[in-house]
Each structure stands twice: as C-alpha cells, then as structure tokens.
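This report refers to the structure that appears directly beneath it.
Naming: A, B, ... by sequence-line order, numbering from 1 per chain.
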Amino acid sequence: MTDETQALEASVHKKWEGVFIATPSEKQKFYLNVAYPYPSGAMHVGHGRTYIVPDVIARFWRMRGREVLYPMAFHVTGAPVIGISKRIARNDESAIKLYRDLYKVPQDILDSFTDPLNIVNHFSNEYERVMTKAGLSIDWSRRFTTVEPTYSKFIEWQWHHLRAAGHVNKGAHPVRYCPQCENPVGDHDLLEGDKAEIQKFTLIMFTYGDAFIPCATLRPETIYGVTNLWVNPEVTYVRCTVDGKEWILSRQAMEKLAFQDHEVTETGTIPGSELVDKKVSHPFCGEVTILPAFFVDPDMATGLVMSVPAHAPYDYIALRDLQQKGKYTEIKPVGLITVVGYGEFPAVEAVEKADIINQDDPNLEELTQTVYSAEHATGKMYEKYGGKPVKFAREEVAEVLTEKHHSGIMYEFDTRPVVCRCGARVFVKVLHDQWFLEYSDPAWKKQVKDHLEDMELVPPEVRAEFFRTVDWLKDWACSRRIGLGTRMPWDPEWLIEPLSDSTVYMAYYTIASRIKHIDPSLLTPEVFDYIFLGKETENLPERERLDGMRKEFLYWYPYNFRFSAKDLISNHLTFQLFHHCTIFPKEFLPHGMVVFGMGLLNGAKMSSSKGNVYLLEDAINDFGADTVRMFLVGSGEPWQDFDWRNELVSSTRKQIERFISTIRENLTANGPESDIDRWLISRIQTHISLVTKAMENFQTRQALQEAFFGIESDFKWYRRRKGLAAGGQETMKYLSSVWVRLLAPIIPYTCEDLWKDMSTGLVSFASWPEPDPSRIDVSTEIAEELLVKTIEDIESILRIMRNPPRKVTICITPSWKWDVFTLIANAEDRKNVIRDVMQKEDIKSRGKEAADAVKQCTNLFHKLPSDLVERILQNRPDELSIFQSAAEFLSKDTNLEIEVSKSEDCRHMKAGSALPFKPAIIIE
RNA sequence: GCGGGGAUAGCCAAGUGGUCAAAGGCGAACGCCUCAAGAGCGUUUCUCGUAGGAGUUCAAGGGUUCGACUCCCUUUCCCCGCACCA
C-alpha cells in the first residue's frame, strides 16, 4: 500500500468515527447481522469476505435512506481457548509458533495467554481494529461478549422459555471420552480416528450356567437364526460382575462397559479355549454350541460373537472352514429373512458365488456389506417371526429382547483406533444427566418448517438443505462440564453448550448499548419478558431504561437478513430458527438469510494450523482496504466459493487508480454538451437501475461489474466519440457524482475521498442515485449501437482484406426493406410470414430482389437480440442522417475516407445487400 | 456411505429451449502513444477464412425436441454437512 493510500484511509477514518451508530428514527430500518466470530486467532481474508459483503449491503441500504443496523459481538463461550491456553502454558511448540509467528502476538501478551480470557479479549480487540481498518460500517456501541454477566442474564431468560416450552429435557448420551484428560473429546482433539462414529450394538444375553455370555450385534432381529457362538480360543476372557450379574466377555469389553453406565467388577479369567464346545442358550434360538474362530477380535464389542450363517457371510465361512475339516457337520444354517433376488440363505449364496476361499479373504468385508444392505432394504422376516420388513423388525426385536430377555446396549466405534491428542486411547462413555434440546420433536420441527416457508433464502438452492436439516436434526446435548459460558439456571452444575447460547442474540444487539447501564443483578427474566415480549410485571426496575430498550427492540426486530457461510446451515442457522420460533411471536421471526460460499487461498483450503492463511490485516497493508474489498466482492457472488490469489489482486488496485484519475479529470472538464453527452446520460440511467437491482438481490459481484466495468466501457466509447474535445462539463459532473455513489458501498474509502471535492457531507450517507426515465434517450442509444455494430463490421472486413484500403462507402438500406423487416418481426405466424409478406403489392412488384430481402431480413431478425429488435421497431432510426453526422468520426476512427449514400444511389453490386440496421459496406 | 449443491474457453464467471462461438473481468498477444518503461487507449485471444462468413464446442455418454449450455436418464469428478464442535 502506498503512503498516499495510507494517508487517505487515515483521513477517511476520522470522518467515520461514531457515524455508524444506529438509532431508531423516522426512517424505515434495515437490520442485518453476521454470525459473530470466535476470537481465538487473527482474521484471514476468508473472514474478511464474510464481513465485507454484508458491509457492502449495509452501505447500500444506508444510502437508500434506510436506518441501518450492522452490529458485531464476540462469541467466547466454549472450550477451545481453554485448550489453547493450556497448550501455551505447557509451552507447546506448535501453539506458540502459531500465535507468535503467524498471528504476530507480542511476547508479553502471549505470556498472558495462560488465562483463556486474555486470549479472547486480545483477539476481540484485534477483530474490532482490523474490521474497522477494512472499512466495515459497524455500530460498535453494541459490542459485547458472551461471557459478560449481562449477557448471561439474557441467556438465562432464553433458557427459562425453552424449558417452559418443554424443549429441554434430561437424558443419557454416549460421547467420545478420554480417560486421561477426563473429558469428552471432539474431532479437533483427536490424534487418530476422527472419522470414527459411535455405533449402537444390542447385547444378546446367552445363558451359560449361572452367567451370561453377551454377544453384541447390529442386527438383533437375526437372533432367530443363531446356530452357534464364536469364541477366539487364543484369547483369555474374563468373568466379571456387571450390575450384580455374572458376565463372561473379553477384558477390553469389560473395560469399555465400565464407561458405559455399568457397575463392573472382575471376578476371574477363563481361557477362550475352555469355552469351545460348551453350550449356551437363549429363548429365541434354543441351545447352541460355542465354536472356535480366529476372526473374533477381543477388542471388538464383547469379544464373543453370535453366528447366523444364513445371513452373515463371515459366520457361514467360519462354519464352512470347520465343516470342511469334518467337524460340526450337524449344524445347518437357519434362514429367517426373505430377500428379493436371493434364495433361502443369502449369505451362503453370496459366498459360494464370489468364490471366497476362507475366512481371511479380503473380499468378505464388501460381500458382507452387500448382503446386509440388500436385507435391510428389501428383506422381510418370515411369517413365524412377524413378517415385517427388516428395518422395522430390527427395532421391535431389540425392544422385546431388552424388556424381557436381559438385553442391553453397548456402544462401540466403527473404526479403530481412536486416540486422543494426549496419546491415550479414547472410549465411548455414557454421560448422565445430560440436558437435551429436543430438536427431534415433530411439533417443533413443524413450527420451524412453517416459518421457513415464509423466509427469504439467498441463494434459493439452500432452501432444500434447510428443510433436510430440520428433518434430520436429533436431540442436541446442550449441557457441558467444561468451557466458558452461562450456567443452566435450574441446574448450575452444567454450562450451556456454546452453540446453544448463540441463537437469539440478534435480539440482544437491539438493546446491547442500553442494557450496559443496568446492574446485572436486576436483570430478572421478568425484565426481559417486558423488553422482548411486552409482558408487564409489577415493580420492574429502571422502568425508563426498559422502555427505551423495548422501543429499540420493536424498531429493529425482526432482523432483515442474517449472513453466514454455508457450513453453518446444518447447525447454527437452523438452531436459531428453532429458538426464535419458541421464544418470539410470529411478527418477530427472522425475515431472511444469505448463505455464503467457502474461501480458498491459492486454490487450497485456508487453514491456520497448516499455515495456509493470509491475514486480512496483511492484505490491507499490502494492497489497501478498498482493493481488498473490491477483489473479494469481484471474485464471485457471495454464495460462490472464492479463491484469493495475490497475483490477481494488483490489477484490482490499478482499476481503482484508473477510476480515481478519471473522476479527478472529469471534475475539471469544461466542454460543451453534445449528442454524445445525451447518450452517456441515457446509458447511466440503465446502469443505475441494474446496479440497484443487483444490490437488492445481494448480487454484489454483479453490482460491481455493472457499476465499474459497465460504466467504464460506456465512458470509453464516450471519450472515443469526443476525440480530443473536452468532456461536457455538466455531463462529467453528473457522471462523477453518480459513479462515485454507485461504487461507494464497495470502495468506500476512495469514494469518500473523491466525494469531498464534489459535495458536502459523507458519501456514506449520500442518497443512492435514482434512475430518471426522462433522461433515457432511446433513439440516441440506437444510433450509437448502429455505429458500434457498423464499425465492428468494417473492422472485421479490414482484418481479412489483403489490399490496403482507401475508402469506405456505407450504403443505407431503402425504406421498403424496413417495411419488410417490420412485417417479419411483427408476424404472429412464423411459418407463413414469407408468403404473407410477398402478398403485399408494393413488395411483390420488386420481384426477386424482394424475395431475397425477405429471406435476409428473416435471418437478420433471428440474429439480432430481441430487445434491440423491439427498440428499433419502435424507434426506426434515420440511418442516413446518423451516418452522415458521424462520418467525420468514422473517418478519424478508421483512418479512412468515408462516404455515406443511399443504396439506390450507389452503383456497386454490394449496395443491394444493405439491410435494416446493417448497411452495405464497400471497401476499396 | 448418506444428504445438499456444483462442473461453461488459460483462470474467475454470465448464461436456464432458438436471439449463443457464448456478456464481463483477469491473464496473454499485437498495435498506438512514449526517448524509454509503466500507465492509458485500441484490436485479437476454439479452428478455418483475401468481404462482414463457415466449422467444431459448454465434464462424459445416452435420450426428448424441428432445435439443447439450457429439459430427462446414467457415469465421472469437485465443494459443503453428517452433530455435541466453533
């Protein structure tokens, strides 16, 4: 960035101090907001776009005379900063490197990061500083963080309502858990196995003497087909008391169950080999034998497996292996499911068909999947087992087993190992007394869907995804043991989960600057009931202040648009609808959402940990804020993914410089006005309309294209037509004034600076240009279009000519061809138009010439853009005088002698090929 | 795997049945200007073409249609989400 730009930005900043504070007024409001940041690091250019695009929209509506509220706050609840501060305290090298080198945190501040609050405080301030630097027109008077006592009071109020509505309930919940850290672990905390999912197995309890042997299965309905159990003879199993009952299972399984809600005590061991050939029994399959199998993994579920050879390829293969050695030949598969495309024993069939050799065959896994999916999709239980489709029977059987036959649940990862960052193995732990938000509630879902129908969603493609998300959401564990945040008002042992304390804060913004003046201890739920719901209670404190807040809320709410990247659709953006629907009456429900695409840096994902980031502040320092803004806006529409490439940014800088010098020159222009001035002014009206429309639709890129390049290219034509003559004084003033205002939302610094020499006041609050239909001059525009097209044709001919040209003759079409063209264009019946036209006396009399003209005009009609055809029909141009008055220009422009004549006055054979809007061109 | 969205010239992108060889920007080439460089301006940028034209294209394959980048089907590839995490 040059010193000049730096000085410019600094001087503009002074003018903007405090001016974007939004206050309710007589004006119509426009309230937009963005998902607030979690300030655990520095902003990069991807964040930049997230806040700059809404700023462009905010600036646009402000200029259109709306009272605009664009607030910002900081989300500091949750656990990440706690981890960060621990790592810094521990002197973890990669953490130190990230914060010291990439985020450029000074050493003394870094030292203070051992307190997590210092991290978020530091970066909140950084965010505000850099956002301001980027020219964001944010009302900072409403800034808050989510750990302030005042905000906590607001959250408590919100949660009272959620609970009163019956949406918060208690339950147990399986989570990934690290015994060493004594904490649940998320994806980010995992060294290995971050894709592992928790699977829910049903434990089928086989009776073995006085003990149970539990077998874990995902397919409880197959219990009817069990022919034997599998045990690994090389493994030593344990006997233990589980919740007062004797179980036999692998040691690993015992350890796992201890985390899953069971009281477990080891009482002895038993070698697997000892279990071989022993009998177990279950009411649903009778007595079966335990057989040896080496595929049984003691670290998978219970370490003992029930065998259903009819429907499970592994079981069949293991059995076949044994039987081929002449053992257990009396055991036969027992079928229980009919499947489309398979016979009595699908697994047997599949295995034999695939030529599986033994139980170590690598293709077995895939084969198993195929059989399982087929059975799940089309399988039906035998009549004697209920006859229901497998997908329904599965749950029903599990239920019966649980209720009557001692079955329970065991959770297990689908892939292993799962390892915590600390190096310890991760287990599935069942957390108790968890609070849940019941997003599964169909009635609640319905409320949200009904409201979604009425919402404005940009781009429209995301609508389907929102509906899918609502359908798909299950109960959400919303209480936490660790992290920063607000405590559950009725159960202060628990903290409110961070995504769940950030769903209605858009309402809090409306009162954020006023509520600071009230002692938090006075902020009872009744106070908020009054502010947000208008509910009166006796003895409300600070009545006057509350009235002020009530007024603000009523003025601003509901918000007009919320902006966020698309990755938040499946949680935050949908959550906030759920919460709004419960807490606020219909008239305060969100009006719209704009969903952004993701950001790339040099074609790769931006990632702080991989060092693939470009900090927003660096970008601003390197190129200037306006350049960064214009590049980000120009790289794609908000909902498209975008890619930041440094080498492309510098040309944006040049464009802004070109704009500045054009405006500066134009302001000193002192020429007289002429036809071409009328043309330019006419064109500007169209540009104003198009830019306005694009902005209204959040098409910021389209708006930029139209406002910058659209006007620039017309201006270039204007300069070309003017030649050396000075621009028209009034026209240039008008152009500059409109142009600067149209670009002000996108490059506000540049425009603010230019504006000071053109008008009083700030361009940020100047009125948005309005198109003036009376200044549209259709015939002048048509005339210029004719010239442009003709020049293009001349150039196209010159390009392929070999001999040096000297003179160009332009032959204008006779008016009867215009009549033909008009008839064709207006004809309702496309197919017979030629015949109809040839019926006309005056045309028919011209014979072959007329017939040719009809064909050519038809052709031409199809080639010209339809809107142009319409315009030239309504304003048939006087081609002769257009070319006569432009002859001098054409001559200079082409550097050739130009002659204009009517085609009937011209002897050249080509003269007859003249058509409407396409004069014959003869170059010699 | 499941759900949602995509694939257009070197790159970013506009374009939803004819008006499309396909807007605009970037990049590149050439020309003008200049002592020169840069900037600026102009032209070109799928292939061919001594007259404003012709030919082959819009991920791949198939289909509907007088006609498809645009509608339908299949395949391949890319992005987002798949949860207790901001």
Side-chain angles (χ1 to χ4, degrees), chain A residues 35-38 40 75-81 173 175-176 184-189 195 197 369 373 431 434 436-437 439 459 461-469 471-480 483 497-500 502 565-572 595 597-598 600 603 605 631 634-637 639-643 645 647-652 654-655 657-658 661-662 699 701-702 704-706 708-710 712-713 716 719-720 789-790 792-803 860-869 893 910 913 918-923:
Chain A
Y36 50 21
Y38 184 81
S40 64
H75 189 216
V76 305
T77 38
V81 279
H173 185 60
V175 295
R176 288 183 291 217
V185 285
D187 275 352
H188 310 290
D189 308 316
K195 278 185 200 121
E197 282 186 45
Q369 275 312 314
S373 330
L431 285 189
Q434 263 284 352
F436 287 89
L437 277 165
Y439 293 134
E461 290 81 40
V462 300
R463 187 171 290 275
E465 206 180 342
F466 271 107
F467 276 97
R468 287 293 314 170
T469 300
D471 279 334
W472 159 88
L473 273 176
K474 300 198 264 282
D475 292 348
W476 181 267
C478 60
S479 50
R480 289 290 175 279
E497 183 273 329
L499 286 189
S500 306
S502 300
K566 65 180 169 191
D567 54 345
L568 295 191
I569 292 177
S570 65
N571 49 55
H572 167 75
V595 177
M598 310 300 287
L600 299 174
K605 253 181 226 175
F631 179 80
S635 64
E637 295 296 1
W639 40 90
Q640 285 163 336
D641 294 348
F642 81 100
D643 191 6
R645 286 175 193 271
E647 71 268 21
L648 300 182
V649 181
S650 47
S651 65
T652 305
K654 276 187 228 160
Q655 285 155 354
E657 275 160 14
R658 204 158 71 217
S661 60
T662 303
Q699 293 166 291
R701 173 198 164 98
Q702 177 67 29
L704 171 63
Q705 291 257 345
E706 195 55 50
F708 191 88
F709 301 107
E712 189 185 49
S713 99
K716 280 182 183 169
R719 295 285 353 155
R720 192 166 164 185
K789 278 198 181 297
T790 306
E792 274 169 14
D793 279 353
I794 292 172
E795 276 166 354
S796 152
I797 298 166
L798 289 175
R799 211 173 306 133
I800 50 173
M801 269 183 74
R802 225 186 241 168
N803 303 324
L860 182 67
F861 168 75
H862 286 297
K863 280 204 161 166
L864 293 176
S866 60
D867 69 299
L868 175 65
V869 170
D893 200 70
K910 286 200 181 301
S913 65
K918 199 170 178 61
I921 296 164
I922 299 148
I923 304 180

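For A/Q655, whose side chain is taken as the heavy atoms from C-beta onward, the closest listed nucleotide among B/rA51, B/rA13, B/rG25 is B/rG25. Checking B/rA14, B/rG52, B/rC41 against the side-chain heavy atoms of A/R658 singles out B/rC41 as nearest. Listed nucleotides: B/rG52, B/rA86, B/rG5. Nearest to the side chain of A/A464: B/rG5. The side chain of A/E461 has B/rG6 as its nearest neighbour among B/rC82, B/rG6, B/rC12. Relative to the side chain of A/S913, the nucleotides B/rG52, B/rA83, B/rA14 differ in distance, and B/rG52 lies closest. The listed nucleotides are B/rC79, B/rA86, B/rA14; the one nearest the side chain of A/E497 is B/rA86. Ranking B/rA23, B/rC26, B/rC79 by closeness to the A/Q705 side chain, first place goes to B/rA23. Counting only heavy atoms from C-beta on, A/I923 has its side chain closest to B/rA51 among B/rA51, B/rA14, B/rG24. When distances are taken from the side chain of A/H75 to each of B/rA86, B/rG3, B/rA39, the shortest belongs to B/rA86. Relative to the side chain of A/E465, the nucleotides B/rA13, B/rG52, B/rG4 differ in distance, and B/rG4 lies closest.
Contact annotation for A/L648: backbone-only contact, meaning every heavy-atom pair under 4.0 Å involves sugar-phosphate atoms and none involves a base. Among the protein residues, A/K789 comes within range of no part of the nucleic acid, since none of its heavy atoms lies under 4.0 Å from any strand. In this structure, A/G78 reaches the sugar-phosphate backbone alone: every heavy-atom distance under 4.0 Å involves primed, P, OP1 or OP2 atoms, never a base. As judged by a 4.0 angstrom heavy-atom cut-off over every strand, A/T652 is placed among residues making no nucleic acid contact. Looking at heavy-atom distances under 4.0 Å, A/K716 makes contact with sugar-phosphate atoms alone, never a base. Within the nucleic acid shown, A/R719 has no heavy atom closer than 4.0 Å to any nucleic acid atom. Contacts of A/Q640 with the nucleic acid, taken as non-hydrogen atoms under 4.0 Å apart, involve only primed sugar atoms and P, OP1 or OP2. Backbone-only contact: A/A79 has heavy atoms under 4.0 Å from sugar-phosphate atoms and none from a base. Counting any heavy atom pair closer than 4.0 Å across all strands shown, A/D641 reaches sugar-phosphate atoms only and no base atom.
Summarising the geometry, the separation between CD1 on A/I569 and C1' on B/rG6 is reported as 14 Å, rounded to the nearest angstrom. The interatomic distance linking A/K918 (NZ) with B/rU19 (P) rounds to 16 Å, in whole Å. The interatomic distance linking A/I794 (CD1) with B/rG52 (C1') rounds to 10 Å, in whole Å. Regarding A/H173, its NE2 atom lies at a distance of 12 Å from the C1' atom of B/rC85, rounded to whole Å. Here the C1' atom of nucleotide B/rG81 and the CG atom of A/D471 are 15 Å apart, to the nearest Å. If you take CE of A/M598 and C1' of B/rG4, they are 14 Å apart, rounded to a whole angstrom. For A/L473 and B/rG3, the CG to P distance is 17 Å, given to the nearest whole Å. One atom, CZ of A/F709, and another, C1' of B/rC12, lie 12 Å apart when rounded to the nearest Å.
On the P atoms, B/rG18 is 29 Å away from B/rG4, given to the nearest whole Å. As rounded to the nearest Å, B/rG81 and B/rC11 have P atoms that lie 26 Å from one another. B/rC58 sits 26 Å from B/rG52 when the P atoms are compared, rounded to a whole Å. If you take atom C1' in B/rG49 and the same atom in B/rU44, they sit 16 Å apart, rounded to whole Å. Taking atom P in both B/rA39 and B/rG31, one finds a spacing of 16 Å when rounded to whole Å. Atom C1' of B/rG24 sits at a distance of 14 Å from the matching atom of B/rU8, rounded to the whole Å. Only the P atoms considered, B/rC69 is 15 Å distant from B/rA7, to the nearest whole Å. Rounded to the nearest Å, the gap between the C1' atom of B/rC78 and that of B/rA60 is 15 Å.
Residue A/Q699 places none of its side-chain N or O atoms closer than 4.0 Å to OP1 or OP2 of B/rG24. When the side-chain nitrogen and oxygen atoms of A/R720 are compared with OP1 and OP2 of B/rU43, one or more of them lie within a distance under 4.0 Å. Residue A/K654 has no polar side-chain atom (N or O) positioned under 4.0 Å from OP1 or OP2 of B/rG40. Under 4.0 angstrom from either OP1 or OP2 of B/rC12 there lies no side-chain N or O belonging to A/R645. For the pair A/K566 and B/rG81, the criterion of a side-chain N or O lying under 4.0 Å from OP1 or OP2 is not met.
The backbone N or O of A/A35 lies less than 3.5 Å from no partner atom in the side chain of A/H75, so there is not a single donor-acceptor pair.
Judged by Watson-Crick or G-U wobble contacts below 3.5 Å, the nucleotide B/rC48 has B/rG53 as its partner. Taking a pair to require two hydrogen-bonding distances under 3.5 Å in either a Watson-Crick or a G-U wobble arrangement, B/rG17 remains unpaired. Base-pair partner of B/rG81: B/rC2 (Watson-Crick or G-U wobble, both distances under 3.5 Å). The partner of B/rU65 cannot be assigned: no Watson-Crick or G-U wobble pair with both contacts below 3.5 Å exists in any strand. Within the shown strands, nothing qualifies as a pairing partner of B/rC33 under the Watson-Crick or G-U definition with both distances less than 3.5 Å. Checking B/rA7 for Watson-Crick or G-U wobble geometry (two distances, each under 3.5 Å) identifies B/rU76 as its partner.
The pair A/E712-A/R658 counts as a salt bridge, with a side-chain nitrogen and a carboxylate oxygen less than 4.0 angstrom apart.
Nearest heavy-atom pair across A/F436 and A/H173 is CZ-CB, 3.3 Å. Between A/Q434 and A/S479, the closest heavy-atom pair is OE1-OG, 2.8 Å. Looking at every heavy atom in both residues, A/D641 comes nearest to A/K566 through OD1-NZ, 3.7 Å.
To the nearest 0.5 Å, atoms OG (A/S570) and CZ (A/R468) are separated by 12.5 Å. Atom-to-atom distance recorded for A/L798:CG and A/D793:CG is 11.0 Å, nearest 0.5 angstrom.
With hydrogens and angles ignored, no donor-acceptor pair under 3.5 angstrom links the side chain of A/D793 to the base of B/rA51.
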Verdict with supporting geometry, A/V81 and A/V76, side chain to side chain contact (heavy atoms under 4.5 Å, CB included): CA-CA 8 Å; A/V81 279; A/V76 305; over 6 Å; no
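In this structure, a donor-acceptor pair under 3.5 Å is absent between the side chains of A/W639 and A/E461.
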